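As C-alpha cells, the structure follows; a few thoughts come after it.
Letters A, B, ... are given to chains in the order of the sequence lines, protein chains preceding strands, and every chain is numbered from 1. Keep in mind the model is a prediction, meaning the values are calculated, not measured.
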Amino acid sequence: MKEYDHKKIEKKWQLEWNKKQIYKTLNKGKKMYVLDMFPYPSGVGLHVGHPRGYIGSDIYARMKRMEGFNVLHPMGYDAFGLPAEQYALEHKIHPQKAVEENVKTFERQLSIIGLSYDWSRKVNTTDPKYYKWTQWIFLQIYNSWFDKTKNKARNIKDLIYIFEKNGNKKVNAVCNNNVEIFTSKQWNLYSKKEKQDILMNYRLAYEGYSEVNWCPKMGTVLANDEIINDEFGNPVSERGGYPVLKKSMRQWFMRITAYADRLLAGLDSLEWSDHIKEIQKNWIGKSEGSEIGFRVVIADQLGKDIIDSNFIKVFTTRADTIFGATYVVLAPENLLVEKLKSKINNWAEVEKYIQDIKNKTDEDRTKNDKEKTGVELKGIKAINPANNEEVPIWIADYVLASYGTGAVMEVPKQDERDMDFAIRFGLPIMDEPLVDSIEITKKVSGKMVTKYKMRDAIFARQRYWGEPIPLKHDKDGIITEVNLKKLPLLLPKVKSYDSTGTGESPLAGVKSWVKDGYETNTMPGWAGSSWYFLRYMDPINTKEFASKKAIDYWKNVDMYVGGAEHATGHLLYSRFWNNFLYDIDCVSFKEPFKKMKNIGMVLATDGRKMSKRWGNVINPDEIVKNYGADTLRVYEMFMGPFEQSLPWSTESIIGSRRFLEKVWRIGAKFANDFSRSGSSSSLVRGPEKLFANEAIFQTLLHKTIKKVSEDIENFAFNTAISSMMILVNEMEKLENISIKDFKMFLKILAPFAPHMTEEIWQNLNENNSINKSVWPKWDKNKIQDEMLKIAVQVNGKVRSEILISKDIKEEEIKILVFKDKNVINWVGGKEIKRFIYVPGRVINIVV
RNA sequence: GCCCGAGUGGCGGAACUGGUAUACGCGCACGACUUAAAAUCGUGUCUCGUAAGGGAUGUGGGUUCGAUUCCCACCUCGGGCACCA
C-alpha cells in the first residue's frame, strides 16, 4: 500500500458499490427506515452545509445495515414550487426542464460524497406518476368530513346519509365557523347547488375565500414579507414600491383544525427534540375556557328590551374574573355588528372604522406596540350575566374574528391589554373578587370549550408550477371530481408562466383548460411532501400509492433527519395527512416519523449564513477534491453537535484528514506484512511488548466500540470521532496490536469513512465489502478497568490521587488513603467529620 | 410582550444521573528528523504566582461534603409565537 490517494480510492469504490448495488433495499428482514427530508433542488448548487444532515443519516443507516437491519434509505426531490417557476421565467425554459437540470447538478454533487442511498427508489413530486397519487389523496380528503364523536374522518356519503335520515338535526362534526347551517328545509328539498354549499362547510378539503395581498400594478398576489410600508405608512410592494390592497380570493383549504387535538396528543408518542414539540404545541395553541353569552339591549331604556335573540358570545379563559368585566369588544368583522346596524346610533362612524381596517396590512393591524384603536357601538349595551350590569360595547381591530368567538369581555383589573384600552378610552375599571371559573360558567348558562390557535391551511396557489387540483366547475357552479381512472390530471402546457394580471394562476389563461372547467388553482408546495415517505416504500406501483403489503412492512419512518425550520409546516402537514390516511385505513400507523433529529446549519467562517450575497459560500466539490469525501464526512461530523449550528473552518479540516492518515499508516503496516510474508503469520508484532499493555488496550478498544455504537445511535457523532481519535493515537504508540482488533476498529470507522476503510479492509485479504460486514460487539468483561485512578479531596478540594483495583472495599480504601502523603499533610491531626466514597469516582474527606 | 434553548481556553467543542472542569481537534510555541522546507513525531499551551498555593464554566446569590450540572434573580445571544382573550 502506498500513499493515501483519496481521489483514486473514492472513485474506485463508488463505481464498485454501484456496480454491485450493495445498498439495494430488500423487502424482508428486520426493517429500519432512515429518511432524509428530501430537498428542493435549486439551481445554485450545494454548499458544504447541505450534505451535513445527509452524512449523519448515512452514518446511522450504514451502522444499522451492519447491525443486520434491512435498511430503507432513499432520496428524492420536492420539485414543485415558485423557485423553479421563476427560474423558468428568467431562462425561458419549461420548469420541468429547470428541475431536470437542477436534479442533475444535485446528484453530481451528492454522488461524490459516498452516500448509501438506494437510488432505484428515487421519487420526484413533479413526475405525473407521482402526482397522480397526490391528486388521489386530495380527492379522498375532499370526500371526507370529520366526525367529532368518533374523532376521525369519515366518508362524505355517510354525512349525506345522516342529513337524509335526520333532516336538520345537528351533526357532531367539525365545520366552518359563522356559517348558517341548513335548518330550514328537509335535505332532499335543497337544490344540487345548495346541497353542495352545505357540504362544503364540512369537507376536509373545502373551497372558500381568503384575503390576499393584491398588487394591481404588478398583477400578482404577494406574500406578507414581500410588502413594506412607504413613507406615509401605506403598504407597497417591496419590489417597485407599488400600492398593495386586500383582495378576497377564491382558495382551497384543508381542515387541519379538525385534527388539532390528535396532532397535539400524538406528540407524546414521538421521540423528537422537546424544542420542536414545543413549537408545534404552541402553534396548535390549545386553550380551555368558557363561552358566555352577553345579552344585547337598547341603551338607557327602561325595561331593557332584549333585541331579538342576539347574544354576544364571548370566549374567555378567565371566567373567574367575570365580575370585573366592564365592557365587551367585538372584532370589526363579527357578523353581529352588521346585524345590529339599525340599532347603532353612530353607524357612519362605525362603518368608517371597519373600512379603514380593511385597507391595512395584517402586519400593521397586529403590531403589538401600536396604539389601540376602537369605536363604541352607541345606542346599545351588553348585560354582564354575572351581575346584570349594563356595559358598553366596542369594536376594535385587536380583537380577531378568527379566534374564539370574535368577541371578548374585558377585565381591566386583570389584564394589561384591557387596562390599556380602558385607560385610553375612559372605560370603567372595577376591582371585583374572583370566583370559580367552572361554577360561574354554569351559573350564567355558558359552556366550557376548547379552542385552538391553529388555522385551516390554504391549499391553493395562483401559480402554474404545482399539481393541478383534480376538480371541475360547470357553469352553474357545480363541482365534479375528475374520475380516479383519469388521474393523473396532467398540467397543461402554457405559453407564459407569467401571472395573468388578475391574480389568477396562469392556468386561467389556457383556453381549453378553462373551457373544460378545470380548477385553475394549483396545489401548494406542501402537497407532494406530505406523503412522499410512503411512496418510497413502493415507488413504481401504478395501482396504489403504495401496496398494503409494503406499508405494513415498512410502517413509519424510524429515523427522520432534516432541518428544524419545517416545525410548523411540513412536519405538521404530513402528520395531518398521515392521520387522515390512518382514518381511511390506508396506513396502519398514526404517526409517520417516530424519531427525528434536526440538523444544525453550517454557518460561514464569518458567522453569517452561507450565501452568494455575502460571497462566503464553501463548495463541497472543492473540499472533496482537496481533502477527500471521507475527510469531509469526518470533519462535518466532528465539527460539533449534530443539531447545533456551527461555523465552518477550512483551517480545522486538516485535523480530520490527519486522523484518517494515521489510520491509513497503521493499515499500511499490516498490508505490508501481508505482502512480505504472504500469510498472516506476522500479524502480531513485538509479542514481548504486547502483554504489558494488552489488557489496557483491550479495555480501551471495547470501550471505544461501545461509545461509538451508542453515540451513532444518539447522533452524537462528534464524540464518537473523538473517542476513535483517542484509540488511534494509542494504537499508533503501541504498534503491536492484533489484526483482529484493528479490523474491529476499521468496522466502527467504516460508516464515517466508507471509502478509505474499504480500501484498507480489502488490502487485508477481505473480499466482501466492509460496509456489509457485521458490526462488532463490545465485550462486557473488557470494558471495566482493572485499576482505577481515584481523586482524593479534602474539604472538596482535590489534594491527591490513588490507584486502586476495581473490586476494592471501602474499608481497604480508607487504610490506603490515610497512608497517602498528601492526605496526611492536609488532614494533619484534625478530626475526620465525614468520609465520602463515591465508587469509582471520588473520595472526599471532610475535616 | 410571552414561550423555549444556550452562554466553558485564542478558536470548534468535551464532561455519565451532582463527583478530578477544559477530553478530542484547530491554532500557537519549543524540540527531533532534514542541507533546507513540507510532512511526520515529541513536549508544552485557562489564569495569577519563582514556588507553596489561589482564582476561573455570562453576573450575583442559594442548596450541598462536593455545582458547568439543581434553585432564585439579572445580563447577553439564538429560536418560536406575536393584540389568541
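- Using a distance-only test at 3.5 Å, with no hydrogens or angles considered, no donor-acceptor pair links the side chain of Asp397(A) to the main chain of Ile357(A).
- Contact record, Ile458(A) with Phe253(A): CG1-CE2, 3.6 Å, taken as the closest heavy-atom pair.
- One C1' atom belongs to A85(B), the other to U69(B), and the distance between them is 39 Å to the nearest Å.
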Grab the N/O contacts between the protein and nucleotides 49-53 of chain B below 3.5 Å, and write none if there aren't any.
none

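- Counting distance only, with no hydrogens placed and no angle test, the side-chain atoms of Arg318(A) and the base atoms of A85(B) include no donor-acceptor pair under 3.5 Å.
- Of all heavy-atom pairs spanning Asn334(A) and Ala407(A), the tightest one is ND2-CB, 4.1 Å.
- A 6.0 Å sphere centred on NZ of Lys609(A) holds no more than 12 heavy atoms belonging to other residues, nucleotides or ligands.
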Return a table of donor-acceptor pairs under 3.5 angstrom between the side chains of residues 637-648 of chain A and protein atoms on other chains or two or more places apart.
unit_1, atom_1, unit_2, atom_2, d
Glu643(A), OE2, Asn598(A), N, 3.0
Ser645(A), OG, Met601(A), N, 3.0
Trp648(A), NE1, Thr650(A), OG1, 2.7

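- If you take atom C1' in A21(B) and the same atom in A67(B), they sit 11 Å apart, rounded to whole Å.
- Counting non-hydrogen atoms under 4.0 angstrom, Ile654(A) reaches the backbone sugars and phosphates but no base.
- Atom-to-atom, CG of Asn282(A) to P of G1(B) comes out at 18 Å; the value is rounded to the nearest Å.
- A 3.5 Å limit on both hydrogen-bonding distances identifies no Watson-Crick or G-U partner for U64(B).
- Across the interface with RNA chain B, nearest-nucleotide mapping of Val798(A) and Lys707(A) shows Lys707(A) to be the residue nearer the 5′ end.
- Remark: the separation of the C1' atoms in G58(B) and G7(B) is 6 Å, to the nearest Å.
- For G9(B), the O4'-C1' to base torsion is within 90° of 0; the nucleotide is therefore syn.
- The phosphate of U40(B) has OP1 or OP2 within less than 4.0 Å of a side-chain N or O from Arg658(A).
- For NZ of Lys277(A), the number of neighbouring non-hydrogen atoms (other residues, nucleotides, ligands) closer than 6.0 Å is greater than 12.
- If you take CG of Asp420(A) and P of G1(B), they are 13 Å apart, rounded to a whole angstrom.
- Under the Watson-Crick and G-U wobble criteria, each requiring two contacts below 3.5 Å, nucleotide A32(B) is paired to U40(B).
- In this entry U20(B) has no Watson-Crick or G-U wobble partner, no candidate having both defining distances under 3.5 Å.
- Rounded to an integer number of Å, the gap from CD1 of Ile836(A) to C1' of U20(B) is 15 Å.
- One finds no side-chain N or O of Asn844(A) lying less than 4.0 angstrom from the OP1 or OP2 phosphate oxygen of U64(B).
- At the heavy-atom level, Lys797(A) lies under 4.0 Å from the strands shown only through sugar-phosphate atoms.
- Listed pair Asn718(A) / A14(B) meets the phosphate criterion, a side-chain N or O lying under 4.0 Å from OP1 or OP2.
- Across the protein-nucleic acid pair, His275(A) atom NE2 and G78(B) atom C1' stand 9 Å apart, rounded to whole Å.
- In this model, no donor atom of one side chain and acceptor atom of the other lie less than 3.5 Å apart for Thr631(A) and Tyr4(A).
- Straight-line distance from the CD atom of Glu801(A) to the P atom of G19(B): 17 Å, rounded to whole Å.
- Contact of Arg841(A) with C16(B) (side chain to base): a donor-acceptor pair of N or O atoms is detected under 3.5 Å.
- Between Glu810(A) and Lys814(A) there is no salt bridge, since no side-chain nitrogen of the basic residue lies less than 4.0 Å from a carboxylate oxygen of the acidic one.
- Distance noted for atom C1' between U76(B) and G60(B): 15 Å (whole Å).
- With both pairing distances under 3.5 Å, G49(B) is matched to nothing as a Watson-Crick or G-U wobble pair.
- Ile726(A) comes within 4.0 angstrom of sugar-phosphate atoms only, judged by non-hydrogen atoms across all strands, and of no base.
- Look at C11(B): its Watson-Crick or wobble partner, with both distances under 3.5 angstrom, is G25(B).
- In this structure, CZ of Phe659(A) is placed 10 Å from P of G25(B), rounded to the nearest angstrom.
- If you check the side chains of Asp785(A) and Thr699(A), you find no donor sitting under 3.5 Å from an acceptor.
- Between Glu651(A) and Glu410(A), the one whose closest nucleotide on RNA chain B sits nearer the 5' end is Glu651(A).
- The local environment of CG in Asp274(A) is sparse, with at most 12 non-hydrogen atoms from other residues, nucleotides or ligands closer than 6.0 Å.
- Rounded to whole Å, the P atom of G18(B) lies 11 Å from the corresponding atom of C71(B).
- As a whole-Å value, the separation of Ile276(A) CD1 from G78(B) C1' is 14 Å.
- Contact annotation for Val842(A): base contact, defined as any heavy-atom pair under 4.0 Å involving a base atom.
- Close to C24(B), at under 4.0 Å from its OP1 or OP2, lies no side-chain N or O of Lys662(A).
- Comparing U17(B) with G25(B), their P atoms are spaced 24 Å from each other, to the whole Å.
- For RNA chain B, the residues of residues 627-642 of chain A within the heavy-atom distance limit of 4.0 Å (strictly under) are Phe638(A), Met639(A), Pro641(A), sorted by number.
- Contact between the side-chain N/O atoms of Arg834(A) and the OP1/OP2 oxygens of C65(B) is found at a separation under 4.0 Å.
- The gap from the P atom of A39(B) to that of C26(B) amounts to 12 Å, rounded to the nearest Å.
- The partner of C77(B) is G5(B), by the rule that a Watson-Crick or G-U pair needs both atom distances under 3.5 Å.
- Phosphate proximity of C11(B) to Ser649(A): absent, as no side-chain N or O sits under 4.0 Å from OP1 or OP2.
- Residues Lys451(A) and Glu291(A) are paired through a salt bridge, judged by an N-O separation under 4.0 Å between the basic side chain and the carboxylate.
- At a threshold of 4.0 angstrom between heavy atoms, the contacts of Ser287(A) are confined to the sugar-phosphate backbone, with no base atom among them.
- On a pure distance criterion of 3.5 Å, a polar donor-acceptor pair joins the side chain of Lys372(A) and the base of C83(B).
- Checking side-chain atoms of Thr321(A) against main-chain N and O of Val411(A) turns up no donor-acceptor pair under 3.5 Å.
- Not a single donor-acceptor contact under 3.5 angstrom links the side-chain atoms of Gln793(A) to the base of U20(B).
- Using a 4.0 Å heavy-atom criterion, one finds that Ser722(A) contacts the bases of the nucleic acid, with or without backbone contacts as well.
- Residue Asp274(A) is out of contact with every strand shown, counting any heavy-atom pair closer than 4.0 Å.
- With no hydrogens or angles considered, no side-chain donor-acceptor pair links Asp418(A) and Tyr327(A) at under 3.5 Å.
- Heavy-atom neighbours of Lys706(A) NZ from other residues, nucleotides or ligands within 6.0 Å: at or below the threshold of 12.
- On the C1' atoms, A6(B) is 22 Å away from A82(B), given to the nearest whole Å.
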